[in-house]
There are 2 protein chains.
Amino acid sequence: MTTEVPANPPQSAAAVLPALSFDRDGLVAAVAQQHDTGEVLMLAWMNREAVEETLTTGRVCYFSRSRQKLWRKGESSGQVQRLVELRVDCDGDTVLLLVDQTGVACHTGRRSCFFRAARGSELVTTAEPLVDPKALYGQEG
Amino acid sequence: MTTEVPANPPQSAAAVLPALSFDRDGLVAAVAQQHDTGEVLMLAWMNREAVEETLTTGRVCYFSRSRQKLWRKGESSGQVQRLVELRVDCDGDTVLLLVDQTGVACHTGRRSCFFRAARGSELVTTAEPLVDPKALYGQEG
């Protein structure tokens, strides 16, 4: 499915961190987008450490608000996200992660977390799970 | 540039609102994506009223955290976003807005707010303004 992407060399967070405005919880929003198809996969959060780790390892690491700790995407499910490019928005409170997603991004087993659409007076499910969530080990992919 | 999109009929928020988990400030995150190119334009916030107005009018309305009031995108700049489809994520704290963006989304005059990319040890500007921000009247587009 996914095309081969050259490995990203380790990147420095030195230029990125001063451009970020972390919120009162020390977080920025992070939108993950599949780099080649443009599909928006999910939104999660990053603290300073998650940004640093993501840039230096090339593998996306978030900060889990529910667990209050670093969340290396795919650490339990194998559904990792390799970083292709990190972009910063105009006011620095959001990053856009262009990624290469292995498998599925959503803990429900769907490719994207945005699988419900408002159509007329209904909320319609637009995608079915590609894998059994039970096979993904745990709540978060 | 943008293709003609059929006008969205007014939609009901009745099925959407129960699926949303508003945060302690009464907000959900909203990612705006150009519906045909897949370009991620911006991230902003919506309260309950903004979601309702967006669905019923077909024109995107956010909630401005800095001004603490509804922000009808383009009200001062003319850079409106017409809603093509609103999607809800798995845990209901984020919506994805597929939109048809008139002009530019960013208050800097750029098409997208994500115009800085981490490359090696630098943060590189990847897009220049398409319009003079002074011509957009005010801070927010």
Side-chain angles (χ1 to χ4, degrees), chain A residues 8-20 23 28-34 36-45 51 54-55 65-66 83 85-96 98 105-108 110 112-124 126-127, chain B residues 8-20 23 28-31 33-34 36-45 51 54-55 65-66 83 85-96 98 105-108 110 112-124 126-127 141:
Chain A
N8 238 341
Q11 294 188 291
S12 162
V16 172
L17 290 172
L20 296 180
D23 69 10
V28 291
V31 178
Q33 181 180 34
Q34 175 65 27
D36 47 2
T37 65
E39 187 176 22
V40 176
L41 300 169
M42 57 184 285
L43 181 135
W45 298 85
V51 172
T54 297
L55 284 168
R65 295 185 302 173
S66 56
L83 182 70
E85 187 162 273
L86 181 147
R87 295 186 187 161
V88 178
D89 81 343
C90 52
D91 57 4
D93 63 4
T94 307
V95 296
L96 175 63
L98 300 178
C106 185
H107 75 286
T108 64
R110 293 172 174 90
S112 163
C113 295
F114 298 96
F115 58 83
R116 296 180 289 176
R119 293 186 182 163
S121 60
E122 291 178 49
L123 193 60
V124 177
T126 57
Chain B
N8 237 341
Q11 295 188 292
S12 162
V16 172
L17 291 173
L20 296 179
D23 69 11
V28 290
V31 178
Q33 181 180 34
Q34 175 65 28
D36 47 4
T37 64
E39 187 176 22
V40 175
L41 301 169
M42 58 184 284
L43 181 134
W45 299 86
V51 172
T54 296
L55 285 168
R65 294 185 303 174
S66 56
L83 181 69
E85 188 162 273
L86 180 149
R87 295 187 188 161
V88 178
D89 80 342
C90 53
D91 58 2
D93 62 4
T94 307
V95 295
L96 175 64
L98 301 177
C106 186
H107 76 286
T108 64
R110 293 172 175 90
S112 163
C113 296
F114 298 95
F115 58 84
R116 295 181 289 175
R119 293 187 183 163
S121 61
E122 290 178 50
L123 193 60
V124 177
T126 58

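These numbers come from the heavy atoms of this one structure, side chains and all, not from hydrogens, waters or symmetry mates. In the text below, chain A, chain B and the rest are named by the order of the sequence lines, each starting its count at 1.
- Scanning all heavy atoms of the two residues, the minimum distance from B:S121 to A:A15 falls at O-CB, 3.3 Å.
- Most heavy-atom pairs under 4.5 Å with chain B, from the set A:A13, A:G38, A:A117: that is A:A117.
- Looking at heavy atoms from C-beta onward, A:T54 lies out of side-chain contact with A:V51 at the 4.5 angstrom threshold.
- For chain B, the nearby parts of A:R119 are the backbone and the side chain; heavy atoms of each come within less than 4.5 Å.
- Looking at A:Q33, only its side chain comes within 4.5 Å of chain B, counting heavy atoms on both sides.
- For the pair B:L86 and B:Q11, the minimum side-chain heavy-atom distance is 4.5 Å or more.
- Heavy-atom pairs under 4.5 Å with chain B peak, among A:M42, A:R116, A:R87, at A:R116.
- Residue contact with chain B, scored on non-hydrogen atoms closer than 4.5 Å, involves the backbone and the side chain of A:A19 alike.
- The minimum heavy-atom distance between B:T108 and A:C90, with the atom names listed, is CG2-CB, 4.3 Å.
- Take A:D91 and apply the salt bridge (Lys or Arg N to Asp or Glu O under 4.0 Å) test, not counting sequence neighbours, and it matches no residue.
- Ranked by heavy-atom pairs shorter than 4.5 Å toward chain A, the options B:V95, B:D89, B:V31 are led by B:D89.
- Ranking B:D93, B:T94, B:V124 against chain A, the residue ahead of the rest is B:T94, based on heavy-atom pairs under 4.5 Å.
- For B:S112, the side chain to side chain contact (heavy atoms under 4.5 Å, CB included) partners at least two apart in sequence or on another chain are B:E39, B:F114.
- Heavy atoms only, all atoms of each residue included: A:A127 and A:R110 are closest at O-NE, 2.6 Å.
- Interface remark: of the candidates B:L123, B:L96, B:L98, B:V16, B:L96 forms the most heavy-atom pairs closer than 4.5 Å to chain A.
- Contact of A:V88 with chain B is made through backbone and side chain together, with heavy-atom distances under 4.5 Å.
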